[in-house]
Amino acid sequence: LGDISDELMGDPEIILAALEGVKNKINIREYNSTSWLPPLDPDECLEEFICEIPKSLSSNKDFILDFHDFLAHSSCFCCNDLLYTWVDKALWLDKDFVFEMVSQDHFAISAVSDKDIVFEILSKDNDAIEFVSDELLEDSDFTKKIKDELKKCGVKVFTPHF
């Protein structure tokens with residue numbers, strides 16, 4: 001991103017195109033056995049990339065959803081929690097945003113600390129249960145509420161948290 005002008009740094013489409021370029025660079029270095037350059041670590045590249053994105057985009061819901069979708073469909077990147085920690089914390093309180101993130105990748109629920117949102121997601125999509133943060137699952141009243149709801153849905157609960 002260092003070669004992109006300040007004016008273009010705030011453009012979500014430019015940032016996503018640059019991310020595609022990073023993915024291609026990683027893939028070329030990984031699969032080109034004749035290269036004298038060592039393979040790149042995708043998570044290190046992603047972390048470096050995210051650190052260069054203007055913080056103003058961390059609250060841009062559409063940008064974050066597109067970025068997350070790109071990561072979810074990339075065979076290169078696997079560490080979404082780098083993105084989750086970068087996202088503006090206020091977005092994790094936006095139910096529509098959280099539902100969209102979790103629909104793309106159940107692991108996104110791990111970044112959600114609002115019990116009501118987590119409960120609502122689990123009542124509609126109980127497959128995300130394995131990714132609920134340990135912090136939330138340490139609350140026995142909350143786990144009982146989840147367990148009771150899952151039983152109502154006919155789901156047998158076998159998670160170690162319960």
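Nearest approach of His68 to Ala108, heavy atoms of both residues: NE2-CB, 4.4 Å. Heavy atoms only, all atoms of each residue included: Trp92 and Ile117 are closest at O-CD1, 3.9 Å. Scanning all heavy atoms of the two residues, the minimum distance from Asp116 to Asp114 falls at N-OD1, 3.0 Å. Ile109 approaches Ala128 most closely through the heavy-atom pair CG2-O, 3.6 Å. Of all heavy-atom pairs between Ala72 and Gln104, the closest is CB-O, 4.2 Å. Heavy atoms only, all atoms of each residue included: Ile26 and Pro42 are closest at CD1-CA, 3.8 Å.
When side chains are defined from C-beta on, Leu83 does not count as touching Phe70, because their heavy atoms never get closer than 4.5 Å. In this structure, Ile64 and Met101 have side chains that are in contact, with non-hydrogen atoms separated by less than 4.5 Å. Contact check for Asp96 versus Glu100: no side-chain heavy atoms found under the 4.5 Å cut-off. Using a 4.5 Å cut-off on side-chain heavy atoms (C-beta onward), Leu46 and Leu19 make contact. Here the side chains of Phe99 and Asp125 are not in contact, with every heavy-atom distance at 4.5 Å or above. Pro12 places a side-chain heavy atom less than 4.5 Å from the side chain of Asn60. With contacts defined as side-chain heavy-atom distances shorter than 4.5 Å, the pair Phe107/Asp81 qualifies. Inter-residue side-chain proximity for Ile146 and Leu137 is flagged as met; some heavy-atom pair is nearer than 4.5 Å.
A 6.0 Å sphere centred on CD of Glu47 holds no more than 12 heavy atoms belonging to other residues, nucleotides or ligands.
Salt bridge annotation for Asp141-Lys145: absent, with no cationic side-chain nitrogen under 4.0 angstrom from a carboxylate oxygen.
In this structure, the separation between CG on Asp62 and CG on Leu57 is 11.5 Å, given to the nearest 0.5 Å. From Leu82, atom CG reaches atom SG of Cys51 across 8.5 Å, with rounding to the nearest 0.5 Å. Rounding to the nearest 0.5 angstrom, the gap separating the NZ atom in Lys61 from the CZ atom in Phe97 is 8.0 Å. Note: Glu130 CD to Ser110 OG = 11.0 Å, rounded to the nearest 0.5 Å. Asp69 contributes atom CG, which lies 12.0 Å from atom CZ of Phe67 (distance to the nearest 0.5 angstrom). Distance check, rounded to the nearest 0.5 Å: CG of Leu122 to NZ of Lys115 gives 13.5 Å.
Distance alone, capped at 3.5 Å, places no donor-acceptor pair between the Ser74 side chain and the Leu71 backbone. Side-chain atoms of Lys55 come within 3.5 Å of backbone atoms of Trp86 as a donor-acceptor pair (strictly under, hydrogens ignored).
Residues Val87 and Leu93 are members of separate hydrophobic clusters, defined by side-chain heavy-atom contacts under 4.5 angstrom among Ile, Leu, Val, Met, Phe, Trp and Tyr.
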side-chain contact (heavy atoms from CB on, under 4.5 Å) between Met9 and Ile14, worked out: CA-CA 7 Å; Met9 280 294 282; Ile14 298 293; over 6 Å; no
